[in-house]
Amino acid sequence: MPSETEVPAGQIRPADSGGRDAFPHRHLLSIAHLKPWEIRFLLDEAEHWVGVNRGAAQKHDDRLAGLTQINAFFENSTRTLLSFEIAGKRLGADVVNMHAAQSSVKKGETLIDTAVTLNAMHADVIVIRHGSSGAVQLIADKVDCPVLNAGDGWHEHPTQALLDALTIRRRRGFIEGQIVTICGDVLHSRVARSNMLCLAALGAQVRVVAPPTLMPAAVECMGATPYTRFDEALAGSDVVMMLRLQNERMDGAFIPSPREYHALYGLTPERLAIAKPDALVMHPGPMNRGVEITSGVADDPDRSAITEQVEMGVAVRMACLDVLTRSARGVEGWT
Ligand code: ASP
């Protein structure tokens, strides 16, 4: 249930926040539902887990011991599924992965029947990825435990935006005022939607650049400024975030050819030189090398934060799993 408390910009959380008001949501379904201080709160919690994960000897903190975490993935995933699994295991939960390809979904089971089944097994937290926008909300409405959205259709991918924000905050020192350019298949990208909302909420200047066929309507409503020329958007950028062409979501030809797309929207070392000299390069993965990004940029250790994004993914997911289960675990002030 969203808090009614209004918090002045820049304040990390309400001065009187006791307990659950520190994060007044049962589920994490979107960035659109979060206030800036709630986003900052999750980023601050994740900082703790970055330190734990970097510890050589002991990465375990068993605060979720005895709880069951189900990762129900109805779409393919490498980074998100693995990092949610590692995050749950490091927190001591019993983690079970449900791959839709091997489940009764293939036999025609409805999403609601799947949700009721997961609920009957007394899951304590469910992480869901689904190809349809809104499907995760539908499941969240049917189960008794917290639900985390691991990507639903073109809609949102909130933990990706949080890990991206954490990466930027750590590498650049702050987010407010940073010029962040998001380039590529914005139309089909849940990563772009969550990032526009998250970065704008944290005070960044967000630019989105795409061919007209891949630019969604009204990006201004998500806090971003649209561009069609990549070079124009790149000028003065502090961060350049590249997106994959999501061919699996395309119903028709949105670009003339990958070669032509690369010529206009591919990030090369020459093009990166138009951005600020120390501009950071990001990509949520998986990358199509030679299409939206060249290896010369992706593998440049001084400029690319791509592997750091993966590292931050584990920390952010640990923070989200911890925070969302505090109430069920009876953590003082959260019940
Ligand atoms: N891994 C991200 C997602 O699930 C980005 C991508 O697939 O291109 O949306």
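Just so you know, ligand 1 is whichever comes first in the structure, and atom 1 is the first atom listed for that ligand. All values reported here derive from a predicted model rather than from experimental measurement.
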- Message: Under 4.0 Å from a heavy atom of Pro286: which atoms of ligand 1 are those, numbered in the order shown and with their elements?
- Response: 6 (C), 7 (O)
- Message: Does the residue Ser77 have a heavy-atom contact with ligand 1, meaning some pair of atoms that are separated by less than 4.0 Å?
- Response: no
- Query: Can you tell me if His283 and Arg244 form a side-chain donor-acceptor pair at under 3.5 Å?
  - Reply: no
- Message: Does this structure show an ion pair linking Arg40 with Asp44, if we count only N-O contacts that are shorter than 4.0 Å?
- Response: no
- Any side-chain heavy atom of Ile39 within less than 4.5 Å of one from Leu162? yes
- Looking at ligand 1, does Glu75 have a heavy atom less than 4.0 Å from it? no
- Task: Would you kindly specify which portion of Arg79 sits under 4.0 Å from ligand 1, judged on non-hydrogen atoms: side chain, backbone, both or neither?
- Result: neither
- Numbered in order shown, the ligand 1 atoms found under 4.0 Å of a heavy atom of Arg129 are 4 (O)
- If you measure every N/O of Gly285 against every N/O of ligand 1, is any gap under 3.5 Å? yes
- Query: Can we say Arg229 and Asp231 salt-bridge, meaning some charged N sits less than 4.0 Å from an Asp/Glu carboxylate O?
  - Reply: no
- Message: I need the minimum non-hydrogen distance between Ala165 and Cys198, along with the two atoms involved.
- Response: CB-SG, 4.0 Å
- Run the numbers for me: atoms of ligand 1, each under 4.0 Å from some heavy atom of Val191, listed by number. 2 (C), 5 (C), 9 (O)
- Under the criterion salt bridge (charged side-chain N to carboxylate O under 4.0 Å, His left out), which of Arg171, Arg79, Arg54 is the partner of Glu311? Arg54
- Protein residue, atom and distance nearest to atom 4 (O) of ligand 1, heavy-atom basis: Arg190 NH2, 2.9 Å
- Item | Side-chain donor-acceptor pair present, Asn97, Glu85, cut-off under 3.5 Å | yes
- Query: Any idea which protein heavy atom is nearest atom 8 (O) of ligand 1, and the distance to it?
  - Reply: Arg244 NE, 2.7 Å
